[in-house]
There are 2 protein chains.
Amino acid sequence: MKLQRHDAPDDDAPKQAIPHYKVIKRSISDAVKKGDLKAGDRIPSESELVAQFNVSRMTANRALRELQAAGIIVRHAGKGSFIAEPAPIGQLIEIRNIADEVRERGHVWRARVVGNDEERADAETAALLQVALGTRLFHSVIVHYEDDMPIQLEERFVLASIAPDYGQCDFTQTTPNEYLTRIAPLERVEHRVSAMMPDERTRALLALAEGEPALRMTRRTWSRGRLVSHAWLTHPGNRFELSAAFAIDDHC
Amino acid sequence: MKLQRHDAPDDDAPKQAIPHYKVIKRSISDAVKKGDLKAGDRIPSESELVAQFNVSRMTANRALRELQAAGIIVRHAGKGSFIAEPAPIGQLIEIRNIADEVRERGHVWRARVVGNDEERADAETAALLQVALGTRLFHSVIVHYEDDMPIQLEERFVLASIAPDYGQCDFTQTTPNEYLTRIAPLERVEHRVSAMMPDERTRALLALAEGEPALRMTRRTWSRGRLVSHAWLTHPGNRFELSAAFAIDDHC
DNA sequence: CAGTGGTCTAGACCACCAG
DNA sequence: TGGTGGTCTAGACCACTGT
C-alpha cells in the first residue's frame, strides 16, 4: 500500500503532486476529448480504478462523482459508469442545431446552400475573424427552412486552416454548426443579438415583407485558442423568437 | 461513535435516511435562504460540523466541498468557510439589472416612471399572468436611460398579492427587477427575444426614428411556485444588443 | 502555535442490477 | 450470487493562516 506523502522517498513525486483524484479525472476527461472514449462507452469501475491507479476506493469514488457532477459521465448503481451524451451546453439561447430544433417541433428541416466558397480575407472579413489580410477562409451562405418556410439565413466565415474540408461539406445534410463542433473542440462561444432591418438580399432569401424587421444573432466560436468562425444568423422577426428558461437550482 | 446502519437499532432511523452530507448541506443552504446566514458570514468549520452532526470529518468535508462547488460558500485553507456573494445567476443574457449594466459601462443610469398603478386583470393581462379576471395586479411603465439616451422601455405586470408594496416603490432609485428579487425568491425565469416594429407610443418613449426596429425581450419570472411577473423589455434596435459569452469548462 | 481546509487510506454496510 | 455505485468511518499527513 502507498501512504500518500508518507511512504519511503522512493518514487518521483515532485513534492507538490497533482492530487490523485484529479489525475483520474483528467485521464478520463482527456480520453473523451481525444475521442478514445465516446458517449455510451463504459469506463472502469471504482474498484478497477483502485487497482489501476493504486488509490483507495474513496479517491476513485471522488473522481467519478465529480465527473458525474460535471456531466461528463453518468453512473448507475449495479451497472457501471458510462460516458454521458454530449452536454446540451444550452446555458443560453440555443447553441443547438437549428435542424434539431425544427425537428423537435415536429417539423421538417431543409437547407438550401446559396454558396460555399473559399476566399481570401479582405478588409472586412479579416476584421471579423481577426486574421491577416489574404488569410484563406470559407464563406458559406445557407437558408434554413422549417416546412418550406425560411426561418434562418446563415452567413458564415470559417478559418480554412482549421476546417480544410469545409468547402466539400454537403450542408443540406448536416449543418455547419454540427460539422464544426465535430472537427474542432468548442472552447468559447459568444452571442450577440440585435434587431435590424434586413437588406434587399436578406429580405428576398427570407421571403420577408417590406418593413418587416429581422432578429440577428452574431455568433463567434473559438477553438484551440483561436477565433475560428463568425456567423450571422438572421431570422424573420414576425415568425421567430429566441427563448430560454431557467429553473434556479438550490443544489440540495 | 456511530457506525452508519451498523449501530444498535436504538435510534429512529426511517430505514432510508437522508444521507448525512445532504442533511448538512440543506441545513446551511436553508439558513441562507431564510436569511439567517448572509454573504460573508462564517459557517462552522469541518471539525465543528463533525461535533454538531456526529459524523466523520470526510462527511462534513463532502458537504462543504459540494456547497463550494455549487457556489454557495467559499473556503480558504487556514481561515475557514464563508457564505459566498450571491451568484451572478448570469447563465444567460443578463438577468442582471439594467442599472448595474449601465454603470459598468461607466455611464449614468436614470429612470423615468411613466406609470405605476394598481389594476384589475382584464382579458389580456389575465392571460399574460395566467390568473383569473379581476385579479389585483400592478402595471408599471418605466423608461431607462443611459446618459440621457433612452435604452429600454419596461412594461411590467406584477401579481399584487406577492408584492403588495410594489405601487409605493420609487423606481427612480431601484429597478423593479431589483425589488422583486429582494422580496420574492426567484425560482424560474423565462426569456423570449424577438424583433418587432414598435408602436407609436413605444417609438415616442424610446425616441426612435421611423422605420427603426426594436428588440423585445419578454421576461416571465416565477416565485413560490407561481408566475408572479410578466415584463416586456423593449430596446432600440439601432443602439442596443444583447450579448453573452461562454467559455467551455472541462472541469479538470 | 493551534485551527483551518485539502487530500488520502483501508476498511465497512447497503441497495441495486445482471446472469 | 458477484459486481456496481452510494455512503460512511476513524484515523492520517500536509500546507496554509492567524496569533
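Because only heavy atoms are used, hydrogens play no part in the values below, and waters and symmetry mates are left out as well, while side chains stay in. In this text, all values refer to a predicted model and were calculated from it rather than measured experimentally. Each chain gets a letter, A, B and so on, in the order its sequence line appears, and its residues count up from 1.
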Using whole Å, what does the distance between atom [atom2] of nucleotide [N] and atom [atom1] of [X] come to?
{"X": "H76(B)", "N": "dG18(D)", "atom1": "NE2", "atom2": "C1'", "value": "14 Å"}
{"X": "K25(B)", "N": "dG6(D)", "atom1": "NZ", "atom2": "P", "value": "14 Å"}
{"X": "H20(B)", "N": "dC8(D)", "atom1": "NE2", "atom2": "C1'", "value": "8 Å"}
{"X": "K79(B)", "N": "dA15(D)", "atom1": "NZ", "atom2": "C1'", "value": "15 Å"}

Would you please name every residue forming a salt bridge (charged side-chain N to carboxylate O under 4.0 Å, His left out) with R26(B), sequence neighbours left out?
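Counting only residues at least two positions away or on another chain, R26(B) forms no salt bridge (charged side-chain N to carboxylate O under 4.0 Å, His left out).
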Test salt bridge (charged side-chain N to carboxylate O under 4.0 Å, His left out) applied to R192(B) - qualifying residues, sequence neighbours left out:
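With neighbours one apart ignored, the set is E241(A), E190(B).
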Residues that S47(B) engages under side-chain contact (heavy atoms from CB on, under 4.5 Å), provided they are two or more places apart
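Only S45(B) meet the side-chain contact (heavy atoms from CB on, under 4.5 Å) criterion with S47(B).
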Rounded distance [0.5 Å steps], CZ in R226(B) versus CZ in R188(B)
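With rounding to 0.5 Å, CZ (R226(B)) is 15.5 Å from CZ (R188(B)).
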Exam field: side chain T181(B) to backbone N177(B), donor-acceptor pair closer than 3.5 Å:
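Yes, T181(B) side chain to N177(B) backbone: donor-acceptor pair under 3.5 Å.
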Expected output: side-chain D41(B) to main-chain I83(B) donor-acceptor under 3.5 Å:
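Answer holds: no.
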Go through residues 58-66 of chain A and report each residue with a non-hydrogen atom lying under 4.0 Å from DNA chain D, sorted by number.
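Per residue number, the list reads M58(A), N61(A).
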Could you check whether [X] pairs with [Y] (Lys NZ or Arg NE/NH1/NH2 to Asp/Glu carboxylate O, under 4.0 Å)?
{"X": "E187(B)", "Y": "R224(B)", "result": "no"}
{"X": "E66(A)", "Y": "R62(A)", "result": "yes"}
{"X": "R75(A)", "Y": "E46(A)", "result": "yes"}

Starting from the first five and the last five pairs of the helix from dG3(C)-dC16(D) to dA18(C)-dT1(D), work out the angle between the resulting helix axes, to 10 degrees.
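What I find for the helix from dG3(C)-dC16(D) to dA18(C)-dT1(D) is an axis angle of 10°.
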Heavy atoms only: give me the nearest P44(A)-L64(A) pair and the separation to one decimal.
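Minimum heavy-atom contact is O-CD1, 4.1 Å.
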What are the two closest non-hydrogen atoms of L215(B) and S194(A), and how far apart are they?
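Smallest heavy-atom distance, with atoms named: CD1-C, 3.8 Å.
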DNA chain C contacts among residues 38-53 of chain A, heavy-atom distance under 4.0 Å
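Correct list: empty, so none.
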On DNA chain C, compare the nucleotides closest to A77(A) and S56(A); which residue's is nearer the 5' end?
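Closest to the 5' end, via its nearest nucleotide, is S56(A).
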Please figure out whether R75(A) or G78(A) has its closest DNA chain D nucleotide nearer the 5' end.
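Looking at the nearest nucleotide for each, G78(A) comes out on the 5' side.
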So, OP1 or OP2 of dC8(D): does either fall under 4.0 Å of a side-chain N or O from Y21(B)?
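For dC8(D), neither OP1 nor OP2 has a side-chain N or O of Y21(B) closer than 4.0 Å.
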